[in-house]
Amino acid sequence: MTKIMLDKTGIAKRIAKEVKDGYYVNLGIGIPTLVANYVRRDIEVEFQSENGVLGMGPFPFEGEEDADIINAGKQTITTLPGASFFDSAMSFSMIRGQHVDLTILGAMEVAENGDIANWKIPGKMVKGMGGAMDLVASAENIIVAMMHTNKRGESKLLKQCSLPLTGVGCVKKIVTNMAVIEVTEKGFKLLERAPGVSVEDIKKATEGNLIVDGDIPEMAL
Amino acid sequence: MINKKVANVHDALKGMSDNMTLMLGGFGLSGIPENAISELVKLGVKGLTCISNNAGVDDFGLGLLLQKKQIKKMVSSYVGENDEFERQMLSGELDVELIPQGTLAERCRAAQAGFPAVYTPAGFGTEVGEGKETRDFDGKMYVLEHAFKADFAFVKAWKGDAAGNLMFKGTSRNFNPNMCGAAKITVAEVEELVPLGTLDPNQIHIPGIFVQRIFQGAHYEKRIEQRTVRQRD
């Protein structure tokens, strides 16, 4: 069988299955943004962007871009019927107050206890945390979308994060190009494999404790 | 009606001096007080501490003040799109306090609402929470974050009237309403200064009591950072 590591679109497609009817969802920048394209059409979901919009729609048609209507990635967007705009304090009331049902964001590192690092590489990358610290500190339901290893081939699923933390013990689920993993009290629990990727492959690419319990099914995409 | 209208941006910035602390509305380049920023460049005031979610881009927004080295310290949540910012920060010329976006909004709102500080879960267990008071509420840990203290708040609204009432448009609202009344003097610039009585009181986002000075802004560029479009089928 051929080994098919997922690309970013594949990760987004798998995460889209976690989005349920009636959910308010906050999507981070990068892979998470793609998730909106693959959510089932027969369910009702509203996307929140922390710069102050609920009910985000697709990108505008050329010529219809509005500098006053953007998402958290500063991209021009549209709104859907039922959308609303609000100020930043109210936006984070939705987030901190746990009114948002699902948060999907990227990460540089995740530890087996659910710690996440995604905002700073000391001496190298100075961009800031934006809304990520508020999101991870408050959300009940956080899914991390990321590649299993970094550009140097090193695992991003670690015993302990080496980079400055964004939040502690908060990640519940991770979807990578290789696997779907649940963060449990005992470590990373393998739930699903990408098509053709073996448990051994995933073990090799996971530095933290990987719990393999019985047969691990392939992801349905 | 208590009249808040001033003739122009020059009058709106009366009392500005070196080493002041400013709040500036906007998310990215959306909803930034373009006129106030231009005037700050013109005035050449230095040693400023700027509280603003972002730091502009190299040639627009707060990037213009950074180019002239007028900013001593930035308090922001995300500063990714500015090379000059990064250079000044890494060389130590610029002092930077990075804080979570929701904390930034709430420290503004606390100042507006008369709270000295608020507890937030954001940043607990990270370097943002280091050295700050923490407290356990119902088994969850929170960090005490203090209200900002600022001399001027510069905000940008869509419509306003001489009473200082403001309405915002789309996501250009962002931090602007939270900064109104959060500094000693709030200066609002608007795209349309409309005749008194034409704004529906039901539709006003910020009542004039939070605004000390209002003026009709000029020449809004409203630059788009990431122009994303879809194709027509």
Side-chain angles (χ1 to χ4, degrees), chain A residues 29 49-53 56 58-79 85-96 115-117 119-120 122-138 164-170, chain B residues 27-31 53-54 76-81 85-86 89-90 96 98-106 108-109 112 120-128 140-143 158 168-178 205-206 220-232:
Chain A
I29 295 163
S49 196
E50 63 269 23
N51 59 315
V53 55
M56 245 193 304
F59 294 146
F61 290 121
E62 197 162 357
E64 293 177 3
E65 313 93 286
D66 184 341
D68 293 329
I69 304 179
I70 62 170
N71 64 16
K74 287 109 181 176
Q75 296 170 311
T76 45
I77 54 154
T78 59
T79 54
F85 295 115
F86 35 84
D87 64 66
S88 300
M90 187 175 284
S91 180
F92 283 92
S93 297
M94 294 176 190
I95 291 163
R96 235 186 282 101
D115 287 359
I116 177 172
W119 74 282
K120 184 180 184 181
K124 245 188 187 172
M125 188 198 80
V126 205
K127 289 183 189 297
M129 66 292 282
M133 283 194 181
D134 308 274
L135 282 157
V136 302
S138 312
L165 294 181
T166 308
V168 290
C170 51
Chain B
F27 184 95
L29 299 177
S30 186
N53 190 57
N54 311 92
S76 302
S77 88
Y78 190 83
V79 293
E81 281 89 12
F85 181 98
E86 195 152 355
M89 176 169 168
L90 293 172
V96 177
L98 289 170
I99 61 173
Q101 195 177 136
T103 300
L104 179 62
E106 210 57 30
C108 293
R109 210 193 72 84
Q112 177 192 61
T120 176
F124 177 78
T126 75
E127 56 182 61
V128 165
K140 184 166 172 160
M141 293 304 294
Y142 295 80
V143 179
W158 175 35
F168 301 89
K169 180 168 164 268
T171 52
S172 71
R173 189 185 311 193
N174 55 67
F175 291 84
N176 286 298
N178 308 129
H205 295 135
I206 283 291
Y220 281 103
E221 187 175 336
K222 294 174 66 163
R223 201 184 284 189
I224 292 173
E225 264 180 89
Q226 306 284 340
R227 190 178 298 274
T228 45
V229 295
R230 77 189 132 132
Q231 298 305 314
R232 285 174 208 274

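Quick caveat, the model's predicted, so the values are computed rather than measured. Quick note on labels: first sequence line is chain A, next is B, and so on, each numbered from 1.
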Output the distance between atom CG (B:N174) and atom CZ (A:F86), rounded to the nearest 0.5 Å.
11.5 Å

Do B:E127 and A:W119 have side chains that approach each other closer than 4.5 Å (heavy atoms only, starting at C-beta)?
yes

Write down the atom of B:E106, the atom of A:A89, and the distance for their closest heavy-atom approach.
OE1-CB, 3.9 Å

With distance as the sole test, does B:T228 use its side chain to make a donor-acceptor pair with the main-chain N or O of A:T76 at under 3.5 Å?
yes

Do the non-hydrogen side-chain atoms of A:M129 and B:Q101 ever get within less than 4.5 Å of each other?
no

Flag side-chain contact, heavy atom, 4.5 Å: A:F61 against B:V229
no

Is chain B contacted by the side chain of A:A117, its backbone, both, or neither, given a heavy-atom distance below 4.5 Å?
neither

The interface call for A:T79 against chain B, heavy-atom contacts under 4.5 Å, is neither

B:F27/A:I70 under side-chain contact (heavy atoms from CB on, under 4.5 Å): CA gap, chis, key distance, verdict
CA-CA 9 Å; B:F27 184 95; A:I70 62 170; 4.2 Å; yes

Between the main-chain N or O of B:G102 and the side-chain N or O of A:R96, is there a donor-acceptor pair closer than 3.5 Å?
yes

With A:E64 via salt bridge (charged side-chain N to carboxylate O under 4.0 Å, His left out) - residues at least two apart:
B:R232

Any chance CE of A:M90 has more than 12 other-residue heavy atoms, nucleotides or ligands included, within less than 6.0 Å?
no

State the CD1-OG1 distance between A:I77 and B:T171, to the nearest 0.5 angstrom.
6.0 Å

For the backbone of A:D68 and the side chain of B:S30, can you confirm whether one donor and one acceptor N or O come within less than 3.5 Å of each other?
no

Side-chain heavy-atom pair A:D66, B:K169 within 4.5 angstrom cut-off:
yes

Leading residue by heavy atom contact count with chain A [cutoff under 4.5 Å; candidates B:N176, B:I99, B:L104]
B:I99

So which residue, A:E65, A:E62, A:E50, ends up with the most heavy-atom pairs under 4.5 Å with chain B?
A:E65

Note: A:G167 and B:T126 closest approach over all heavy atoms is N-CG2, 4.0 Å

To the nearest 0.5 Å, what is the distance between CG on A:L165 and CZ on B:F124?
11.5 Å

Heavy-atom pair of closest approach, residues B:P121 and A:A137
O-CB, 3.4 Å

Pair A:D87-B:N178, side-chain donor/acceptor within less than 3.5 Å
yes

Pair B:E86, A:K127 - check salt bridge (Lys or Arg N to Asp or Glu O under 4.0 Å), show working.
CA-CA 8 Å; B:E86 195 152 355; A:K127 289 183 189 297; 5.4 Å; no

Chain B contact via A:N71 - which portion, at a heavy-atom distance below 4.5 Å
backbone

The side-chain contact (heavy atoms from CB on, under 4.5 Å) partner of A:K74 among B:L29, B:I224, B:N54 is B:N54

So which part of A:F85 gets closer than 4.5 Å to some heavy atom of chain B, the side chain, the backbone, both or neither?
both

Do B:E225 and A:Q75 have side-chain heavy atoms sitting under 4.5 Å apart?
no

Taking all atoms of both residues into account, what is the closest heavy-atom pair of B:K140 and A:S138, and its distance?
NZ-CA, 4.0 Å

How many angstroms lie between CD1 in A:I29 and CD in B:Q226, if you round to the nearest 0.5 Å?
9.0 Å

Contact winner vs chain A - B:S77, B:A105, B:A122, B:G31, heavy-atom pairs under 4.5 Å:
B:S77

Region of B:R109 that comes under 4.5 Å of a non-hydrogen atom in chain A
side chain

Can you give me the closest heavy-atom contact between A:D134 and B:T103, atom names plus distance?
OD1-N, 3.4 Å

